[in-house]
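For the numbers below, each heavy atom of this structure counts, side chains included, while hydrogens, waters and symmetry mates do not. Below, chains carry the letters A, B, ... as their sequence lines are ordered, and counting in each starts from 1.
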Amino acid sequence: MKSNSAQNIKLGVLIISGLIIFTLGVFFIGNKQNLFGDSILVSSVFKNVNGLQSGNNVRYSGVNVGTVKEIKFLNDTAICVDMLINREAGNLIKNNALATINSDGLVGSMVLNILPSSQAPSPTIKEGDTLASISQVATADMLNTLNKTNENAALLTQDLLKITNSINSGEGVLGDLLKDKTLAKNVQESVENLNETTKSARLGLAKLNGILNNVDYENSVAGLLLSDTSAQKSFSTIIKDLEKTSSQIKGISVDLGEFSNNLNSEKGALNYVLKDSSFVNHLDQSMENIEEATHRFNENMEALKHNILFRGYFRKLERQKARAEKEN
Amino acid sequence: MENKAVIEIKELYKSFGAVEVLKDFNLNLFEGENLVLMGKSGSGKSVMIKCLVGLMDFDRGSIKVLGKDISKMKQNELDEIRTDIGFLFQGSALYDSMTVRENLEFPLRRHRKNSERKTEELVKEALENVGLQQTIDLMPAELSGGMQRRIALARALILKPKIIIYDEPTTGLDPITAKEIILLMMNIQKKYATSSIIITHDVDCARVISNRMILLLDGKNYAEGTFNELAASGDPKIKAFFK
Amino acid sequence: MKILSSYQSGLSSFFLEIGEMGKFTGRYFRELFSRPFEFREFLKQCYQMGNKSLLLVSVTGFILGLVFTLQSRPTLMEFGAVSWMPSMISISIVREIGPVIIALICAGRIGSSIGAELGSMRVTEQIDAMEVSGTNPFKFLVVTRILSATCMLPILVIVGDFVALIGSAIIENIKGDVSFTLYFNQVFAALEFTDLLPATVKTFFFGFAIGLVGCFKGYNSKKGTAGVGKASNSAVVFTSMLLFVLDFIAVFITDIFYN
């Protein structure tokens, strides 16, 4: 009898714990769906609900505040979504808030978001209110756009790749700049020269300064020179001549520039020789022809050696050659 | 002694498919007598007693127990009449998921609205009758074959039935234990004045216990009489039983 | 010709068995609603099936949750969706795997023990003895066992599901630094009534099937000890098959009603 009642107690414990787990499960699930709590029924009308289902979450500023209760067609373009919002949150939501349907992450289910309105304050929602809705880009659309963007990006990178490739292989000005070592060297040398020049210029200036400081204006030749007006005149003519000379030099250098430009462009025989690839080809061909001709000539000569008529002559030549070697 | 029939079986037929196990079987059990039923294996003894207690339907004939026709009974009437019949099964048939006490309490709880104390007393008394008081809290598996048989007897008796049916009470037991069981059966017979049907192969058992014997052959009661009458018979078929 | 006829007899014996089982079921319902009710035996069987299977079910459930989570983690990690683990595990355990696995375990544990017990009772004439002593053995043995299996299996499944989720939560806690609060928050966020209720209703049928087949096979077992072995064996085999059929039907019906 005793063991029997002990068994029944254990059985009772098992059954009750099973029921408690079940009830808790039901409670938590129901709690999530706002079946037991005090809630407010609010609705909103959409053109497209993007696969929203009853039971999906309703969020206000990102916090779960309720669930979608029912989705029904009003007419061919309007769908009414009823949602249950718990009263606590309902007391915070204004009736000019906006409802929108988004997806909960890329692979998530849909969520009905309520966005607080930034407009003038208005009363909180109450049972049966209808919230204004805004339609948002659905995930699919978003993905489409993303796809386009991706394609464009791919094209862009392809072009970029081409450009960098050609730069690397030394095509174009940029390529030249990057690749040409002599240019770089020249630039470096120029900079060095410049550096040296400025150094010596500074030294020169310092010396000049010293000289100028040492000049006794009144008692020296320099003073005389500087104060003598006739000397001044001749001095200025010298400078003028110098000026002339420099302008002539300038003219020459311009001419030289033009000449070199002409050289670079396709005018002139020299340029023709340097630049025309067909000329080079001709030249090449001619050289080949000459080579071939000499080769043939050689052959002919060889054949001649073996000819009966000329054999004697060639033997004689050989003999003379051998004799000369012996004498040596 | 032959005063009133407690069991009357008339023209009983029973067949399984094409095999006729019982054909035109007749039996009368009178109050206070020990009737021994002998027969070969497969001669239909077990089938007969199963029909008798309503475990099996029969094809034709009638069975009356305590004057009531069992084929016309409803289930609850049948259950009621069964409390007047004790049944000792061949293999004891103790409920092996229950202790000895629960085995004995089982019929009591179902048919007698007794107090716990009264039930306890009856269980003790039944165990005393078979001399196994110490086994009360053991499981049947912990008992020897002979003890199991005695407990089964105690269970068959616990409702104080008017009729007891013994299905081969001594098979599977050593001769000494078999003798003990037979003595026990006779004591009970005296104490409670029951009528019994004993099915057995055991000639010794039959000799000791029987008032009257029926030999069952080919589904019929072939011969009837006291042990001595039948044992003295010159019929070779009857002689075969007593070898 | 011989093969054909053997198929025919096999088929007809199959239908015979189904028919007999149908009759058996009908008798169960008739006897279920008629007095007297064997309440003590019912409680005893509930204890035998419920409490005695609890350890088995808990261990199985725990390991199920553990292994399931460990196995799913790498795949979900590949998709960067490890945070979906609680939802995925809870839905699959509560909806499908929990009920089916635990029912199968119970088919092995409860079904075979019913089959063997009733089979040996039949063989050793205990059922006859019960009937002769004026007790309806069908009511006492069959009705109580089927009913307690029907009542206890849902509880075992609920406990098993719960333990499986705890096992899963432990793995998530160790491997993914997910707190128990977060885990169960996600579990309850993912679960719907449409997951929990059909799955629970289904387990009543599972329990009924386990009890019914076990009792049927045992109650009608053939004579001899081989008959007992066959009864318990075929009880488990047939029950396991029946469980999947029932599960299919349940999922089918759920699908129709909720989609």
Over 12 foreign heavy atoms within 6.0 Å of CD, Glu70(A): yes

Quick check on the interface: out of Ala189(C), Pro154(C), Ala190(C), who has the most heavy-atom pairs with chain A under 4.5 Å? Ala189(C)

Around atom OH of Tyr28(C), are there more than 12 heavy atoms of other residues, nucleotides or ligands at under 6.0 Å? yes

Correct closest heavy-atom pair for Gly18(A) and Ile158(C) would be O-CG2, 3.6 Å

Taking all heavy atoms of Ile29(A) and all of Phe193(C), pick out the closest pair and write down the distance. CG2-N, 3.7 Å

So, the part of Leu43(C) with a heavy atom under 4.5 Å from chain A: the answer is both

Which is it for Met152(C) and Leu11(A) under the side-chain contact (heavy atoms from CB on, under 4.5 Å) test, yes or no, and what are the steps along the way? CA-CA 10 Å; Met152(C) 292 319 286; Leu11(A) 178 66; 3.8 Å; yes

For Phe162(C), is it the side chain, the backbone, both or neither that has a heavy atom under 4.5 Å from a heavy atom of chain A? side chain

Can you give me the closest heavy-atom contact between Leu14(A) and Val159(C), atom names plus distance? CD1-CG2, 4.5 Å

Pairs of heavy atoms under 4.5 Å with chain C: top-ranked of Val13(A), Leu19(A), Ile21(A), Ile15(A): Ile21(A)

Between Phe28(A) and Val187(C), does the side-chain contact (heavy atoms from CB on, under 4.5 Å) criterion hold? Intermediate values first, please. CA-CA 10 Å; Phe28(A) 280 123; Val187(C) 164; over 6 Å; no

Show your reasoning for whether side-chain contact (heavy atoms from CB on, under 4.5 Å) applies to Thr200(C) and Phe22(A). CA-CA 9 Å; Thr200(C) 308; Phe22(A) 184 73; 3.4 Å; yes

Selection from Val157(C), Asp195(C), Leu196(C) maximising heavy-atom pairs under 4.5 Å formed with chain A: Leu196(C)

